[in-house]
Colleague: 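Just passing along the structure, written as structure tokens.
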Amino acid sequence: MLPLKYIRQNAELVRQGMAHKGIETERLDQILSLDEELRAKIAHTETLKAQRNRVTQTIAQLKREGGEAQDKITSMAELSREIKEIDQGIQILQEQLHTHLLWVPNIPHSTVPVGSDASANRLVSTEGELVTHSFAVQDHLELLTALQLVDFEAGGRIAGRGFPLYTGKGARLERALINFMLDLHTQERNYTEIFPPFVATRQTTELTGQLPKLEEDMYVTTVDDLFLIPTAEVPLTGIYQGQVLSEGDLPLRYAAYSACFRREAGSYGKETRGLLRVHQFNKVELVKYVHPDASYDELETLRVDAEEVLKRLGLTYRILELCTGDLSFAAAKCYDLEVYAPAGEQWLEVSSCSNYEAFQARRGNIKFRRKDTGKLDYVHTLNGSGLATPRLLAAILETYQQADGTVVVPEALVPYYGEETLKPA
RNA sequence: GGAGGAGUGGCUGAGCGGUUGAAAGCGGCGGUCUUGAAAACCGUUGACCGGUUACCCCGGUCCGGGGGUUCGAAUCCCUCCUCCUCCGCCA
């Protein structure tokens, strides 16, 4: 959420930012006119309230001195009715404005390349060699099946398509990946481990920016209006909503595993093979609360921390800086990490590392007290996947497959998985 | 699920219809003292909105959320939420 005052004073900047993100700016004009109307009403009611307060003081004094105040009391009743009426109008305007404001995206950082779609993303670098095999390769789905790691049909019987059931060694490998990543971030980097709730209230889900825009992509429990989290970013960023942190606490860095639930409405038929797009998956998420001056440095280290997972696993990947049109609603700047999957010679997105600046902090009212001025200011929040498992597993299988149909377990995972090779049944 | 108690500023905690935006303490900030620090002492210290834009001033709002009573509500009433205690249920 952008502050109303900021929008008012920087309307053209906001308009341009929205346009660069490919979002209609009609709403901006509505906001500006509602804002004007609102301020006029506020000025009016405040004048009346000032009058009421003055007279109320007089009445109090008269009463104390034992005087007669009935005529003043009678005239005040009329004034109070008028104030109430104007205030009701103000409330309606404020609700309308709030609704519109929830739909105004964050403005891209000035360094973000301008473009309308993924083709304008900037390739930062490619790490590792493009793996080639001297034999006929299997894709990850064939390998999953041959190695009996995932039973898609059973998952389908239980919950429907897109809910994979990991079995036996597959379940163990999945757990190994999660533990490996959590240990890396919490023991070798400065992240505090969190095990969060997997559901969140509407308010929490709004603060991270998933709502209202992505409501149709969320699973919701209708009786309680709780949302199944699409990422641990939601609970992690919700931890400090409404709180005031002290400057000395910053930066706060958290890492959490969670299952992630996404309806992926409308995306059937596209990349839906195997594990590439599913409704429930596992992910380790990194979230930081930082001082505004440090947020862009923290974005770089966040990305490096996410990259480390891929490096340790010996996978080939590339780093993209997203262009304005590909940037998510709440992000000011974002890097994507894409891992190389040799079977289809595809790059698979396994992480997005974003700086939201104060966008989420404003929605969630997360502040800190500045040491120098003693004043309150919004923190900056960042998050990045570190990482999501399904595509990571796909890349591992395709990269480490052997001519005999076995798959070598990456060295870093062996202590977690317990064996050095995955063999077909 | 049933019964009772409580939610006040960054924190603890008074106030229970009108000089209370809110005592006191802690914390924070500034200063005195000190080679420096601590301690002590003195001073200072809420947030948000609007006008104005120089955060200087003026006005307004805010005592868990929402609604009501009243000329006037932190204070009375209703409702919701959260926490605590007891009972029940489940693990």
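A, B, ... follow the sequence lines: proteins, then strands. Residue 1 opens every chain.
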Colleague: Atom CD of A:Gln91 to atom P of B:C62: distance rounded to whole Å?
Modeller: 13 Å

Colleague: Ignoring backbone atoms, establish whether A:Lys84 has a side-chain N or O less than 4.0 Å from OP1 or OP2 of B:U69.
Modeller: yes

Colleague: Starting from P on B:G46, measure out to CZ on A:Phe368 and report it in whole angstrom.
Modeller: 19 Å

Colleague: Determine: side-chain N/O of A:Arg8 to OP1/OP2 of B:U53, distance under 4.0 Å, yes or no.
Modeller: no

Colleague: Roughly how far apart, to the nearest Å, are B:C83 and B:G28 at atom C1'?
Modeller: 28 Å

Colleague: Report the distance from atom NZ of A:Lys41 to atom P of B:U61, rounded to the nearest whole Å.
Modeller: 19 Å

Colleague: Check the phosphate of B:G51 against A:Arg39, side-chain N and O only, distance under 4.0 Å to OP1 or OP2. Yes or no?
Modeller: yes

Colleague: Does a salt bridge link A:Arg202 with A:Glu215, judged by any charged N lying under 4.0 Å from a carboxylate O?
Modeller: yes

Colleague: On RNA chain B, compare the nucleotides closest to A:Lys49 and A:Arg369; which residue's is nearer the 5' end?
Modeller: A:Arg369

Colleague: Side chains of A:Gln203 and A:Thr201: donor-acceptor distance under 3.5 Å anywhere?
Modeller: no

Colleague: Which heavy atom of A:Leu2 sits nearest to which heavy atom of A:Pro105, and what is that distance?
Modeller: CD1-O, 3.7 Å

Colleague: When rounded to the nearest Å, what value does the distance between P atoms of B:G13 and B:C84 take?
Modeller: 15 Å

Colleague: Just so I know, are the side chains of A:Lys288 and A:Tyr191 near enough to count as touching, which here means a heavy-atom distance under 4.5 Å?
Modeller: yes

Colleague: With the side chain of A:Arg52 defined as its heavy atoms from C-beta on, choose the nearest nucleotide among B:U61, B:G67, B:G10.
Modeller: B:U61

Colleague: Should A:Glu308 and A:Arg312 count as an ion pair when the cut-off is N to O under 4.0 Å?
Modeller: yes

Colleague: For B:G21 versus B:C89, give the span between their C1' atoms, rounded off to a whole number of Å.
Modeller: 46 Å

Colleague: Anything below 3.5 Å on both distances counts as a pair; with that, list the stems of at least three consecutive Watson-Crick or G-U pairs involving RNA chain B.
Modeller: B:1-7 with B:81-87, B:10-12 with B:24-26, B:27-32 with B:40-45, B:46-51 with B:57-62, B:64-68 with B:76-80

Colleague: What is the nucleic acid contact for A:Glu247, judged by heavy atoms within less than 4.0 Å: base, sugar-phosphate only, or nothing?
Modeller: nothing

Colleague: Among the candidates B:U53, B:G67, B:G10, find the nucleotide nearest to the side-chain atoms of A:Gln9.
Modeller: B:U53

Colleague: Would you mind classifying the nucleic acid contact of A:Arg81 as base, sugar-phosphate or nothing, using non-hydrogen atoms under 4.0 angstrom?
Modeller: nothing

Colleague: Could you give the distance separating B:G66 and B:U75 at their P atoms, to the nearest angstrom?
Modeller: 13 Å

Colleague: Given side chains that start at C-beta, do those of A:Val14 and A:Ile107 come closer than 4.5 Å, heavy atoms only?
Modeller: yes

Colleague: Could you label the plane-to-plane angle of the A:Phe198 and A:Tyr257 rings as parallel, tilted or perpendicular, counting under 30° as parallel and over 60° as perpendicular?
Modeller: perpendicular

Colleague: Expressed in angstrom and rounded to an integer, what is the separation of A:Gln241 atom CD from B:G65 atom C1'?
Modeller: 14 Å

Colleague: Under 4.0 Å between any heavy atoms, over every strand shown, what does A:Ala43 touch: base, sugar-phosphate, or nothing? Just pick one.
Modeller: nothing

Colleague: Classify A:Leu79 by what it touches in the nucleic acid, base, sugar-phosphate, or nothing, heavy-atom distance under 4.0 Å.
Modeller: nothing

Colleague: Map A:Ile73 and A:Thr56 onto RNA chain B by nearest heavy atom, then report which one ends up closer to the 5' terminus.
Modeller: A:Thr56

Colleague: Atom CD of A:Glu46 and atom P of B:G50: how far apart are they, to the nearest Å?
Modeller: 9 Å

Colleague: Using a cut-off of strictly less than 4.0 Å, decide whether A:Asn53 has a side-chain nitrogen or oxygen near OP1 or OP2 of B:G60.
Modeller: yes

Colleague: In whole angstrom, give the distance that lies between atom CD of A:Gln243 and atom C1' of B:G9.
Modeller: 14 Å

Colleague: Using whole Å, what does the distance between atom P of nucleotide B:G50 and atom CG of A:Asp35 come to?
Modeller: 8 Å

Colleague: Report yes if at least one side-chain N or O of A:Gln88 is closer than 4.0 Å to OP1 or OP2 of B:G67; otherwise report no.
Modeller: no

Colleague: Looking only at atom C1', what distance separates B:C41 and B:C33, rounded to whole Å?
Modeller: 9 Å

Colleague: From the options B:U19, B:C71, B:G60, select the nucleotide whose nearest atom is closest to the side chain of A:Ala50.
Modeller: B:G60

Colleague: Looking at A:Tyr378, A:Tyr296, A:Phe368, which hits ring-ring contact (aromatic ring centres under 6.0 Å, His included) with A:His291?
Modeller: A:Phe368

Colleague: Using the P atom in both, what is the distance from B:G10 to B:A6, to the nearest Å?
Modeller: 24 Å

Colleague: Could you state the CD-P distance from A:Gln57 to B:G17, rounded to the nearest angstrom?
Modeller: 17 Å

Colleague: Can you tell me how far C1' in B:A74 sits from the matching atom in B:C63, rounded to whole Å?
Modeller: 5 Å

Colleague: In plain terms, say whether A:Arg15 and A:Glu12 are close enough for a salt bridge, that is, a side-chain N and a carboxylate O under 4.0 Å apart.
Modeller: yes

Colleague: State whether A:Ser80 places a side-chain N or O below 4.0 Å from either non-bridging phosphate oxygen (OP1 or OP2) of B:U70.
Modeller: no

Colleague: Could you tell me whether A:Lys5 contacts a base, only the sugar-phosphate backbone, or nothing, with contacts defined as non-hydrogen atoms closer than 4.0 Å?
Modeller: sugar-phosphate

Colleague: Determine the Euclidean distance between corresponding P atoms of B:A22 and B:U70; express it in Å to zero decimal places.
Modeller: 28 Å

Colleague: Which is true for A:Lys72 with a 4.0 Å heavy-atom rule: it touches a base, it touches only sugar-phosphate, or it touches nothing?
Modeller: nothing

Colleague: For A:Lys367, report the nucleic acid contact type (base, sugar-phosphate, nothing); a contact means any heavy atom under 4.0 Å.
Modeller: sugar-phosphate

Colleague: Name the orientation class of the two ring planes belonging to A:Phe329 and A:Phe359 (parallel below 30°, tilted from 30 to 60°, perpendicular beyond 60°).
Modeller: perpendicular

